[in-house]
Amino acid sequence: MKLLFSILLAGISLSFFAQDPSVELVKQGLQKSQMGKHEEALQLYNQAINTNPENLDAYVKRAYVNSILKNYQETIEDYNTVLEAKPDLATVYLSRGSAYAKLEQYDKAIADFDQAIALDKDNQEAYNNRGWAKKRKGDSEGACADWKKSKKLGNGEAKIILKNNKC
């Protein structure tokens, strides 16, 4: 009886700790993406999400690949899904803001960069990107202020941006 119980317990333990199949699909997608096979990676991320719609890593990686493929609306939709579940991820706001900027939706981009900065005050990339969005909206003064902050936080290219934009 003891042996039977141990075998049953082992079976329960194995099924309890069985790996989510979507995790392996995400790993395969990442490998494809790293090889520059973005369409194949995209399909693997789609499979991962279909297998487990709660795998946020799959959404983040699919958003990244969609961004590379210039599918910015799809990028935004995936980041929206992630932010609904985890609204405290500065990097996701930064990435979604960049997608909005590519679509020339600068107000939304700036709002996302603002949120990234609110969550991470030292996010030099958010200041840098917000500067570009402000510049494209015609706010050169605000852009310069953001680039100066980015430079102060250690962004090496901010010095060049400041010089080229006569800040």
Side-chain angles (χ1 to χ4, degrees), residues 22-23 26-46 48-49 53-167:
S22 70
V23 173
V26 170
K27 287 180 186 176
Q28 292 172 19
L30 182 59
Q31 291 171 342
K32 294 291 184 182
S33 182
Q34 290 171 337
M35 293 187 301
K37 298 179 179 182
H38 302 299
E39 292 289 346
E40 291 178 39
L42 190 61
Q43 292 193 7
L44 287 162
Y45 297 139
N46 288 338
I49 290 166
E54 295 180 18
N55 185 334
L56 298 180
D57 192 37
Y59 287 98
V60 169
K61 288 185 172 51
R62 184 172 74 176
Y64 175 75
V65 168
N66 268 319
S67 180
I68 291 171
L69 296 172
K70 299 183 180 181
N71 301 329
Y72 301 117
Q73 192 57 49
E74 290 86 348
T75 298
I76 291 165
E77 290 169 13
D78 279 342
Y79 287 137
N80 288 344
T81 299
V82 173
L83 289 170
E84 284 174 21
K86 293 200 168 237
D88 60 342
L89 299 173
T91 56
V92 176
Y93 283 104
L94 175 65
S95 298
R96 187 176 71 176
S98 296
Y100 278 129
K102 295 285 187 181
L103 292 174
E104 299 180 5
Q105 296 179 21
Y106 300 119
D107 289 332
K108 289 181 179 180
I110 290 168
D112 273 358
F113 299 140
D114 288 345
Q115 189 60 35
I117 291 166
L119 292 167
D120 177 6
K121 302 262 186 259
D122 295 331
N123 193 324
Q124 58 181 281
E125 191 174 355
Y127 284 103
N128 192 54
N129 290 357
R130 188 174 71 178
W132 283 115
K134 286 179 178 180
K135 173 79 173 175
R136 289 184 177 100
K137 278 194 66 174
D139 179 7
S140 294
E141 187 177 319
C144 288
D146 280 343
W147 293 328
K148 287 175 185 175
K149 179 68 175 180
S150 181
K151 179 184 172 195
K152 183 178 177 183
L153 291 170
N155 186 329
E157 60 183 64
K159 181 178 181 180
I160 298 165
I161 295 168
L162 287 163
K163 182 178 177 184
N164 290 341
N165 286 279
K166 299 180 176 113
C167 294

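In this text the structure is predicted, and so the values were computed from the model without any measurement. Position 1 is the first residue of the sequence; numbering continues from there.
Put simply, the side chain of Y93 never gets that close to the backbone of A111: no donor and acceptor are under 3.5 Å apart. Remark: the backbone N or O of E74 is not paired with any side-chain donor or acceptor of N71 at under 3.5 angstrom. Using modelled atom types, one side-chain atom of T75 and one backbone atom of A63 make a donor-acceptor pair closer than 3.5 Å.
Judged as a ring-ring contact (aromatic ring centres under 6.0 Å, His included), the pairs with a partner in residues 123-145 (not counting sequence neighbours) are, in order, W132-W147. Listed by first and then second residue, the ring-ring contact (aromatic ring centres under 6.0 Å, His included) pairs that reach into residues 58-92 come to none, sequence neighbours excluded.
Atom CD of Q43 has 12 or fewer heavy atoms from other residues, nucleotides or ligands within 6.0 Å.
Contact of the V65 side chain with the K61 side chain is not registered, since no non-hydrogen atoms from C-beta on lie closer than 4.5 Å.
Distance check: Q31 CD to E40 CD gives 12.0 Å after rounding to the nearest 0.5 Å. Rounded to the nearest 0.5 angstrom, R96 CZ and I76 CD1 are separated by 8.0 Å. L44 contributes atom CG, which lies 5.5 Å from atom CD of Q28 (distance to the nearest 0.5 angstrom).
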Run the side-chain donor-acceptor check on residues 149-162: report pairs under 3.5 Å with partners two or more places apart or on a different chain.
unit_1	atom_1	unit_2	atom_2	d
S150	OG	Q124	O	3.0
S150	OG	N155	ND2	3.0
N155	OD1	E157	N	3.0
N155	OD1	A158	N	3.4

Side-chain donor-acceptor pairs under 3.5 Å in residues 98-108, sequence neighbours left out?
unit_1	atom_1	unit_2	atom_2	d
S98	OG	L94	O	3.1
S98	OG	N129	ND2	3.3
D107	OD1	K137	NZ	2.3

Let me check something: any side-chain donor-acceptor pairs from residues 82-92 under 3.5 Å, sequence neighbours excluded? List them with distances.
none

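Considering only residues two or more places apart in sequence or on other chains, E54 meets the salt bridge (charged side-chain N to carboxylate O under 4.0 Å, His left out) condition with none of them.
The side-chain contact (heavy atoms from CB on, under 4.5 Å) test with Y45 singles out one residue from N66, L30, D78, and that residue is L30.
Taking all atoms of both residues into account, the shortest heavy-atom contact from G29 to A41 is O-CB, 3.2 Å. G131 and A143 get closest at one heavy-atom pair: O-CB, 3.1 Å.
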